[in-house]
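See structure below.
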There are 2 protein chains.
Amino acid sequence: MAKVTRDDVARLAGTSTAVVSYVINNGPRPVAPATRERVLAAIKELGYRPDRVAQAMASRRTDLIGLIVPDARQPFFGEMAHAVEQAASERGKMVLVGNSDYVGEREVHYLRAFLGMRVSGLILVSHALNDLAAAEIDAWDARVVLLHERPEAIDDVAVVTDDVGGAHLATQHLLEHGYAYVACLGGVAETPTVGDPVSDHVEGWRRAMHEAGRSTEGRLFEALYNRYDAYQVGLELLAGPDRPPAIFCSTDDQAIGLLRAARELRIDVPGELAVAGFDDIKEAALTDPPLTTIASDRSAMARAAVDLVLDDGLRVAGARRERLKLFPSSLVVRRSCGC
Amino acid sequence: MAKVTRDDVARLAGTSTAVVSYVINNGPRPVAPATRERVLAAIKELGYRPDRVAQAMASRRTDLIGLIVPDARQPFFGEMAHAVEQAASERGKMVLVGNSDYVGEREVHYLRAFLGMRVSGLILVSHALNDLAAAEIDAWDARVVLLHERPEAIDDVAVVTDDVGGAHLATQHLLEHGYAYVACLGGVAETPTVGDPVSDHVEGWRRAMHEAGRSTEGRLFEALYNRYDAYQVGLELLAGPDRPPAIFCSTDDQAIGLLRAARELRIDVPGELAVAGFDDIKEAALTDPPLTTIASDRSAMARAAVDLVLDDGLRVAGARRERLKLFPSSLVVRRSCGC
DNA sequence: TGCGCTTTCTGCAGCGTTGTATACGAACCG
DNA sequence: CGGTTCGTATACAACGCTGCAGAAAGCGCA
C-alpha cells in the first residue's frame, strides 16, 4: 500500500503536478474543464488524498485552530468548545483542544505547542492569562482571539458577552419580585490573578443594587465557578442566621450547586429563596426548579471568534476592524426566581 | 520579525544544521558536549522553536492524536476526552477533537480530516462506526484504538470496561435490597445501528435477573443515553400503573434524568424507588440522593488507549500484544439504591 | 499570414526539517 | 610512520506540496 502522491495523479491524468494542485484548491490559476475532469477521475481512481502536512509545509498555513479552555468538563466551557468546533468545522478547520485545568503553566504549554504546530489561529478562554503567555504570543506573532473572558495581561481581539448588563438584568429582575435585597455569589478564580479585578458579574449586581437603593455590604459571597464548590459554600451560606431572600450567581453551574445545597437544607426554592444564574447552559432548563438565568448566543459567539481569528486576527497595529465584539445578554425567565 | 530557522542557529553556533537537529532530538547520532552547549546557547539566544510542521514533513510523523467522540458535552464523554487529553499530554502529544454528534457522516468527515493530517493515532469512542469509516481507516492503514465502545463493523484494538459484569453487579446489588424486581433503562443509539446489538448493560442486567429467578419480560425500557431524554421517558415510566420498585440505568446521565422525573412526580428515592446508574461521572456524588453506580478507572483507560495507539496500534495482522484491554467495573454504593 | 492577447499548462525553486552517506580528525597500533 | 578505528561533524537528498515565472497554445483581427 504505497502512498499515492500527487505525482501519480499527474502522471495518470497526463498533466503536470501543478495542475493537480490547482484542481484540488480551485486555483490560484484556472484549469480547463476537460483537464479538470481528467484530474478528478485520476484522483478518484487512485484514491488520492492530499497530504495536509505537506500542504501546510508548502503553503505556510494549516487548517488548525487551537482552543484553550480552563476545563471543558464544566458544562459552560464544554458547550463553548463544542460551538467552536462546530464553527471551525464549517470553515473547514480542525480544532486542537487544550484544557489548562486552571494551571498557568499548562496554558503556556499548550500555547507553545499549538503555536509550534503553526495553528492558523488561537482561541483562548482564560481569565488568568499571564505575561509569560502574552510574551509567547508576541514571539510567534500569532493570531489570537479571546473568547468569553478578557484578561488584563493581554491586549487583543476579544469576543465577549455583556456581563455587566446581564448581571444587572438578573439582579433587577430578582429585585422586582420585592425581595428585600439580592445577595451575589461571585466567582473566585481557581488560581489567584494579579490585582483584584472585580468581575463584571459582581459589578452589574452592585450597580443594580445601588440603583435600587440597596446596600451591597456583606452581601457578596464567593465560590469557585463550579457546582461543587458552590454547593459547599451554599451549605454554609444558607444555614447562617440571616439567609438572603434571593441570590444571583455568576454562573449556572454555581446556581446548580446552590440549589442542591438548598434542597439539602430543606429550603424551598423559589418559596423561601429565589435564585438566578448566568450562562443558560443546557442543564438550566432541567434543574429543580428550572433556573432563571442570563443567556447569550453561544454559537454566534463561537462563530464570531472563529471568523475573527481566521480573517481578522492579524497583529498589525490598528489594522483590525473590531477589537472587541460584544454580544448582548438576555434574561431567560424560568421558575427559580419566583415568577 | 523574520522567522528563526535551524540554519540561523547552526550559523550562530558555528556548526551544521544536522547537529542542531541532533541536539534537539537527542539525535540519532551523538553530539560532543561542548558542541551541544554552543547549540543550546544559540537556540536560547535566538529564541528558536523548531517548526513542528516541517518536522512532521521530514520525519513522516506528527505529535497529533485524533479523538472522535459522539458529544463531549455529555459528562461521560467530556470526562473521557479530558482524560485522553491528559494522557496524550503526558506523552507529548496534542489532541485533535471531533464531535460526531451521533452523525455518521461527521464521524467519517473527522476520520478523513484527521488521517489526512497524518495523526499518529486515532482514538474512537463510537458505537455506530460504519463500513465507510472502516474503509477509510483501512485506506490509510491507520493506527486506531476503540475506546469504551466496540462497534461491530470494525475489528481493531479496543479498550473497554466490563459492562456486562458491571451491570450484573449493579442489578444484583439492587436485588439484594429485596425489591421484587429491577427494571432496566437501556440505551438506544441516537442513530439506529445495523442489527440490534443488545447492549452489554442490558445483557448484564438480564443475566442477574435470571440468576435471581426473575423475569425480564416487559421490564426493559429505553431512552437515549442522556439525561434529557431519560427525563422524558422517566416521566411516563414512573407515572404508569405498575411502577418498578427499582431501576438500573445504563448511564449516570440517564439516572440523573430519571431522578429528576421522580422528584417531579414526588416519588421519593430511595424510599419509593431505588435507582442505580453506570459510569460514576463526577456529578453522581452530588445528585439527590447521591447515586449508587458502577465505576471504572477512566484515566487508566485513557492512558491505556493512548499507549496502545502510540505503541501498539500497527495494523500488521497478529502483531499486536493485546487486541482487547478489559477494565474491571466496581460498585460504588451511595444512597439512591436504598442502602 | 502575422501580431498581440488571453487562456491554460509546465518546470521548478522553495517550505524547514530529518537522517543517510560520507568526510574528517585524532587516537591508537604495530 | 602508514594504517585502522573510532567519535563527530558535514553535505545533501528526500518529504509532498504550493505557486511563481514563463512557455505554449489558442484566438481574434487587420
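Residue numbers start from 1 in every chain, and the chains themselves are labelled A, B, ... in the order their sequence lines are given, proteins ahead of strands.
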Among D:dT10, D:dG16, C:dT17, the one nearest B:V19 by side-chain distance: D:dT10
Under 4.0 angstrom between B:R61 side-chain N/O and C:dG19 OP1 or OP2: yes
Any A:T17 side-chain nitrogen or oxygen under 4.0 Å from OP1 or OP2 of D:dG16: no
Whole-Å distance separating the CZ atom of A:R60 from the C1' atom of C:dT17: 14 Å
Residues B:V19, B:T35; criterion side chain to side chain contact (heavy atoms under 4.5 Å, CB included); working and verdict: CA-CA 8 Å; B:V19 173; B:T35 318; 3.9 Å; yes
Straight-line distance of B:R118 CZ to A:R52 CZ, nearest 0.5 Å: 12.0 Å
Closest-nucleotide ordering on DNA chain D, the 5'-leading residue of B:S16 and A:I24: B:S16
Residue A:A18, side-chain atoms from C-beta onward, closest of D:dC20, C:dC9, D:dA9: D:dC20
No-H, no-angle donor-acceptor pair, A:Y48 side chain to D:dC17 base, under 3.5 Å: no
Residue pair A:R36 / A:Y22: nearest heavy atoms and the distance that separates them: NH2-O, 4.4 Å
Nearest-nucleotide 5' precedence on DNA chain D, A:D7 against A:R29: A:D7
base_contact_polar (C:dT17 base, B:Y22 side chain, donor-acceptor, <3.5 Å): no
Closest nucleotide among D:dG19, C:dG16, D:dG16 to the B:R118 side chain: D:dG16
Length of the CD-P vector between B:Q55 and D:dG16, whole Å: 17 Å
side-chain N/O A:T15 vs C:dT10 OP1/OP2, d < 4.0 Å: yes
Stepwise side chain to side chain contact (heavy atoms under 4.5 Å, CB included) check, B:V84 with B:I123: CA-CA 9 Å; B:V84 167; B:I123 296 178; 4.0 Å; yes
